[in-house]
Amino acid sequence: MALLTAVAHAPGSDVGLYRTVRLIRRFEERAVELVRSGDIVGGIHPYTGQEAIAAGVCAALRVDDVITSTHRGHGHVLAKGADPGRTLAELAGRATGLNRGRGGSMHAADFALGILGANAIVGANGAIAAGAAWAARQEGGDRVAVSFFGDGAVNQGVLLEALNLAALWRLPVLFVCENNGYATTLTVSDAVAGTITGRGAAFGIPSATVDGMDPRAVLDAAREAVDRARAGGGPSLVECLTYRFDAHHTWEHKARVRYRADDEVRSGRERDPVTIQGDRLSDEDRERVDAEVEYTVDAAVAFALGSPHPDPVGALDHLYATGMRARPGGGG
Amino acid sequence: MALLTAVAHAPGSDVGLYRTVRLIRRFEERAVELVRSGDIVGGIHPYTGQEAIAAGVCAALRVDDVITSTHRGHGHVLAKGADPGRTLAELAGRATGLNRGRGGSMHAADFALGILGANAIVGANGAIAAGAAWAARQEGGDRVAVSFFGDGAVNQGVLLEALNLAALWRLPVLFVCENNGYATTLTVSDAVAGTITGRGAAFGIPSATVDGMDPRAVLDAAREAVDRARAGGGPSLVECLTYRFDAHHTWEHKARVRYRADDEVRSGRERDPVTIQGDRLSDEDRERVDAEVEYTVDAAVAFALGSPHPDPVGALDHLYATGMRARPGGGG
Amino acid sequence: MPWLSYQKALNRALGDELARDPAVFVLGEDVRVAVSNVTAGLFKRFGPDRVLDTPLSEQAFTSFATGAALSGRRPVIEFQIPALLYLAFEQIVNQAHKFSLMTGGQARVPVTYLVPGSGSKTGWAGQHSDHPYALFAHAGVKTAVPATPEDAYGLLTSAIRDDDPVVVFAPAAALGKRVDVDHEGLGPVPLGVGRVHREGQDVTVVAIGHLVHDALAVAEELADEVSVEVFDPRTVYPFDWDGLAASVARTGRLVVVDDSNRMCGLAAEVVATAAERFDLVSPPVRVTRPDGAVVPFALALDHAVQPDRAQLAAAITKVLKQ
Amino acid sequence: MPWLSYQKALNRALGDELARDPAVFVLGEDVRVAVSNVTAGLFKRFGPDRVLDTPLSEQAFTSFATGAALSGRRPVIEFQIPALLYLAFEQIVNQAHKFSLMTGGQARVPVTYLVPGSGSKTGWAGQHSDHPYALFAHAGVKTAVPATPEDAYGLLTSAIRDDDPVVVFAPAAALGKRVDVDHEGLGPVPLGVGRVHREGQDVTVVAIGHLVHDALAVAEELADEVSVEVFDPRTVYPFDWDGLAASVARTGRLVVVDDSNRMCGLAAEVVATAAERFDLVSPPVRVTRPDGAVVPFALALDHAVQPDRAQLAAAITKVLKQ
Ligand SMILES: Cc1ncc(C[n+]2csc(CCOP(=O)(O)OP(=O)(O)O)c2C)c(N)n1
Ligand SMILES: Cc1ncc(C[n+]2csc(CCOP(=O)(O)OP(=O)(O)O)c2C)c(N)n1
Ligand SMILES: [Mg+2]
Ligand SMILES: [Mg+2]
């Protein structure tokens, strides 16, 4: 099997981009199965359909750059290089998970890879990324920070405040808006007055809209923004137009919520980032990557499900970074 | 003395505008004296220099329109028609004050006149005004709401969120930004990336900058915005360029904070709204208004200082609108 | 008689109040589609002027409600997650709560903040699993945590009719509870009046929200050994001190089970007031979340930081032994 | 020896830590001009990379600090008003506080939130006069309320060096306190270790922040009648339970004077823990702000909602009589 992983590809190459979108897709599909089987508790927000964005943006980053992610974060975490096995183990609440089972889907983090965490509060991560970007600049060097967020987040005050801070202080941040048309059930047109790029521009931030279904288009826009940030040119905003193929959250698979017409979903799924990028590969390359991804995801599932559950005795381990222990709540 | 007040002038007439700016100016000057004498405790944020804005905007309003004001709110409250005596009594913490002495300078309110209160939290009032505007529209009729705020407030997330809500729902709100160049000691250029009108425009809100030292210019802009709002055309933003003549807050009179060069203050005070508007009146009219204002302000001071202090027994009266009484804190 | 679920009771209370009073309106995220189910059918029935979908702007729409309330409306805001109240904390605690006093009684702010699915939702991890009712009680905002469908109906109704801001927490673990009740049997439940769910002589167990059901189960389990009275204050604030006093006067012993963090939580207040005012024959005991708890994701860990029946049973045994 | 004011002690702690550790930086509103005086001279001494004036964006700059802290910095944020913490409540309680556990120990967030001028500033009315330390203690955020200049220095120093978020409230009523102390005599004061300001045998008075001085004054006043021990926990959370236990073991009686609202406040926790764990010879008494207090503007009303010496003296008398 070593053969399958032996050939390294730059993440920004066509093969590399395909590998990433394909990995995320298959990871998410398997994760949804694990939700159905009860191995993942609490459900997930599937990233299916939006893979080009994580893949394109992260391909423009170095290992020492940092990202902050969202409730729909698996794609970002994987694209930034997290181990699929440990990521899946985290989703399944295992002791071997990225966060030792303490975070789950919405908090998956790998600080060693600059993944400062998914975040369950919409819009919360932009200011965190701004602070990380400032700290990076203080250290010297040219590291950048990326904040991923959805179209719903552009109505959060804290994110708008963060845009101002970033612009004012010319911070090396890339604000990536994944506009999938909906914040849960609310359409962008019912939620966003003006335009998303117009908001960036209002703070003097170079802001562009790109095809978020095309990994290459995203990569190009991200590279431009990252280069500018590294060169001291300050923040950028990239709005990526995309479509969420699956439910807002897996609870939708059971609930009877209807807010997207069947036609819309059908046509929304027509442009598929996996297909778009896959078509750029030879059949041979594509099959090889598919097999490799399948192997990786199989191994990830096996690793996750074979991993131990954390011991409840340590439920409050790490509550304080200093190791301070809290008073227990039981009658004792 | 009845003679002096007998002649009514439309608030939007030249005499009316002058009367308002002059009243605010003299009210503030006397209030500062009362801070110095200890009759007003806690100090005030003087509105001196910015009078044209309150006067111009409120002249465009009807009694049944509502305003929400700021920490620097006396001008708005007076211009919307509050009794100077009861306003000053509020500043002096007297039982006869607008708020029965419970609110003081930063919370002065007169609901009967549509004055929903000064507010001590910067940026807090925009969303409140939006809600009031929505409620007004629900009732039928064409009432509008005004939110006054400073240049510092445009960096508050809640205000930016409110701009979005107002634009999205086409609410009859007028957002009035009083750009006096500073948020306490921080300059606009050190605080605001992009422009203030650019922020309004980003939400699709018609946004204009006017000379905030000229009551007429402010009135014209406000009228246009109010007319649009009444006609169902949604919110507007008016940025009024102005200069604060006095301290950010009266504590500055004693403290040694330096952040505005003497030259700047001198030139900033050269264009004075009271002079600008006064020059539009005949000498006779001007003297008559001055005397009337002097009489009014004298009477206000006499009323305020002659009023009783509230009884501490009722310290928590009105804590709950339902009349519910809270448990006391004393050892009892 | 039809079985009424807790969730449906909330839905019915909203529908009834919307129908009864044209000043009432509902706003929040995804309330039209009714993602939480609590607003199911309301958009269809009452239309866009009474049921508003908001952008993800918790601060602005919370103060929007304040502004509407100051102008005579009675907004009910649905929050999808308890932590969203943190985003709007200034707007609730420092604005809505304070308007009445600060204006010398000119203003009233009849807003209801409804949180369907508070506490742990099982597997939603650190940022979605808090139960912050003590925070609002401390600030002085009226706070209800109904345990049963009929109380969910009754307390939400009273909250909407109340002239002050009221937070209503509907614990995730109680949303599925059902009761055999007629619509006619439903009515407002006053804020500040507790309910004795089970009478007993040996010990008073104070429980609120979903923990009432745990307390009743434990009381039943231990019925052969000890006679447990289960007192549900129903509102954290105002708290029914007289009701509790009467119960403790009968039993002389006190255990409080509470899903808030231990430090400065509801249980702390109950035990403190009891220590000051009541005659207890043995020291009271609290069963709570730990100090400063953050709910970890993995299921067993999530459960480990919540008060459970075994702890409650042990606490009851403890107060009886002393 | 020079007289050191509380305010100057905070200033000195900031200066010393900025000088000692290049990771430390200060941010907030008007900190360069040093409107609060607490940051006086720091901009000149340490320059724009270490002392940042922020726009009025409390939410963003609070999480900006979190992001910088996650990347190895040690931010100190100055908040001009206690209520500004409400604006950043989500960012402190739901983000900064939770990062360590949620990431399974990968993250630490060493941010200090400094509020110079907490509680009533006399005449600043409803929205500027809260003393919300119990809220942060409930949430589990470390919370210090120094009473004296040397503790202000020592606790702020420890807060900055601590690897967790810490809120430091510097009560307005304590800022002017002075003490005769050498710079050499200043040093870190550990979080979670109380201080007995005055020894006594009859009753333990727990007081924190500016109320320590009131407690000492009352103790002195009553010295002929009763021997009062004044225990200052110095940090609300973590609380020095062992220190309190030792004091109460000596005195057997407990009064708590606390500037937070009564309901679920610090005093509630102290009395509750005492009721559970300590042997008291008479019921404990709290002296606090009223439930849900909003500070009215007029001076006499402002004072009327704060705990005062007369109430404390009466409480002491009460616990002695019973
Ligand atoms: C501040 C906040 N409000 C509401 C929620 C509940 N919620 C979770 S995801 C979501 C929709 C987010 O929409 P968007 O930002 O477009 O991201 P998407 O889900 O489309 O990826 C909502 C309302 C939340 N987590 N945080
Ligand atoms: C949200 C908030 N942050 C900080 C403060 C403290 N503060 C009061 S006024 C002020 C400056 C406000 O500037 P601006 O909005 O320009 O109004 P101006 O004072 O110039 O009239 C500050 C920082 C506050 N009251 N509210
Ligand atoms: Mg979306
Ligand atoms: Mg200004």
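In this text, all values refer to a predicted model and were calculated from it rather than measured experimentally. Sequence lines set the chain letters: A, B, ... in the order given, protein chains first and strands last, and positions in each chain run from 1.
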Among [options], which residue has the highest count of heavy-atom pairs closer than 4.5 Å to chain D?
| options | value |
| --- | --- |
| C:Val236, C:Val93, C:Leu101 | C:Leu101 |
| C:His138, C:Arg289, C:Arg277, C:Gln91 | C:His138 |
| C:Val271, C:Asn261, C:Val256 | C:Asn261 |
| C:Ser282, C:Pro290, C:Ala137 | C:Ala137 |

How long is the span from the CD atom in D:Gln59 to the CD atom in C:Gln59, to the nearest 0.5 Å?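 One finds 4.0 Å between CD of D:Gln59 and CD of C:Gln59.
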Hey, could you give me the CE/CD distance between C:Met102 and D:Gln127, rounded to the nearest 0.5 Å?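 Going from CE on C:Met102 over to CD on D:Gln127, the span is 4.0 Å.
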Checking heavy atoms, do the side chain of [X], its backbone, both or neither come under 4.5 Å from chain D?
| X | result |
| --- | --- |
| C:Asp279 | neither |
| C:Ala125 | neither |
| C:Gln95 | both |
| C:Ser260 | both |

Aromatic plane relationship, C:Phe89 with D:Tyr86 - under 30° parallel, 30 to 60° tilted, over 60° perpendicular: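 Correct class here is perpendicular.
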D:Thr273 and side chain to side chain contact (heavy atoms under 4.5 Å, CB included): which single residue from C:Arg286, C:Met263, C:Arg262 fits?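 For D:Thr273, the side chain to side chain contact (heavy atoms under 4.5 Å, CB included) check succeeds only for C:Arg286.
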With a 4.5 Å cut-off on side-chain heavy atoms, are D:Pro283 and C:Glu276 touching?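 They are not in side-chain contact.
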I'd like to know if the side chain of C:Asn94 reaches the main chain of D:Ala83, judged simply by a donor and an acceptor atom lying under 3.5 Å from each other, with no hydrogens or angles considered.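 No, because the side chain of C:Asn94 does not come within donor-acceptor range (under 3.5 Å) of the backbone of D:Ala83.
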Looking at D:Leu87, is its backbone amide N or carbonyl O close enough to the side chain of C:Glu90 to form a donor-acceptor pair, meaning the two atoms are under 3.5 Å apart?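 No.
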